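Whatever order the structure lists ligands and atoms in, that order sets their numbers, starting from 1. Note that the structure is predicted; figures quoted are calculated from it, not measured.
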Amino acid sequence: MTEKQEQASIVKLLRLIGAAVYVLGTTRKRTDFHGTMQTPGIPDVFCYLPRPKHGGEYQVWGYLPMWIEVKAAKGRLSPAQVRFRELTQAAGVRYYVGGADGLAVELRALGYLR
Ligand SMILES: [Mg+2]
């Protein structure tokens, strides 16, 4: 799957479990440098996960913020993305990088999916 397809699956999965989803990343052609005007390192998706239905680590919380950097297989974080992840995790906020299958595993562990 391409990164664009992974992102579409991720957004669908998050909406399925009732998350409030905000897409920041826009997919561009490789040659398009007239970009988003966003600061480098900002992930592709931000969401607020609802309270898990099936128990799990975060059951007592109403909402769980999470940043998501979508990557297709073999995709790697840029230095700016690594820095954003460091700051996010240091602030105690969840940061996920990868594709839809890996996210499903993580959401299951958190109690959002059976
Ligand atoms: Mg990405």
Side-chain angles (χ1 to χ4, degrees):
M1 282 213 289
T2 65
E3 183 166 325
K4 190 177 175 181
Q5 290 168 323
E6 293 285 2
Q7 181 166 310
S9 297
I10 282 171
V11 168
K12 200 171 160 184
L13 179 61
L14 290 169
R15 291 199 170 127
L16 187 74
I17 63 164
V21 184
Y22 300 86
V23 176
L24 297 102
T26 54
T27 50
R28 282 163 287 160
K29 288 191 169 62
R30 190 179 289 274
T31 53
D32 179 12
F33 292 101
H34 304 286
T36 58
M37 301 297 285
Q38 289 176 352
T39 308
I42 294 179
D44 298 304
V45 177
F46 179 80
C47 73
Y48 282 109
L49 300 169
R51 185 186 295 265
K53 285 197 177 92
H54 310 303
E57 192 183 345
Y58 288 96
Q59 190 155 32
V60 293
W61 292 10
Y63 292 91
L64 175 64
M66 181 166 64
W67 286 100
I68 296 167
E69 178 54 55
V70 182
K71 294 288 181 193
K74 294 182 184 171
R76 297 195 58 193
L77 294 177
S78 69
Q81 290 169 340
V82 168
R83 179 63 178 149
F84 191 98
R85 179 172 65 176
E86 285 171 0
L87 292 168
T88 300
Q89 292 177 337
V93 175
R94 188 165 290 271
Y95 183 106
Y96 171 79
V97 55
D101 287 351
L103 182 62
V105 170
E106 186 135 330
L107 292 175
R108 193 166 292 118
L110 289 169
Y112 291 104
L113 296 166
R114 282 199 191 278

Is there a donor-acceptor pair closer than 3.5 Å between any side-chain N or O of Tyr112 and the backbone N or O of Ala104?
no
Check whether any side-chain N or O of Gln81 sits under 3.5 Å from a backbone N or O of Ser78 as a donor-acceptor pair, and report yes or no.
yes
Counting backbone and side-chain atoms alike, is an N, O or S atom of Pro43 positioned under 2.8 Å from the Mg ion (ligand 1)?
no
Looking at Phe46 versus Trp67, is the centre-to-centre ring distance below 6.0 Å?
yes
Expected output: side-chain Lys71 to main-chain Val97 donor-acceptor under 3.5 Å:
no
Among the N/O/S atoms of Asp44, the Mg ion (ligand 1) lies closest to OD2
Kindly give the atom name of the N, O or S atom of Glu69 closest to the Mg ion (ligand 1).
OE2
Do you know which N/O/S atom name in Glu3 is closest to the Mg ion (ligand 1)?
OE2
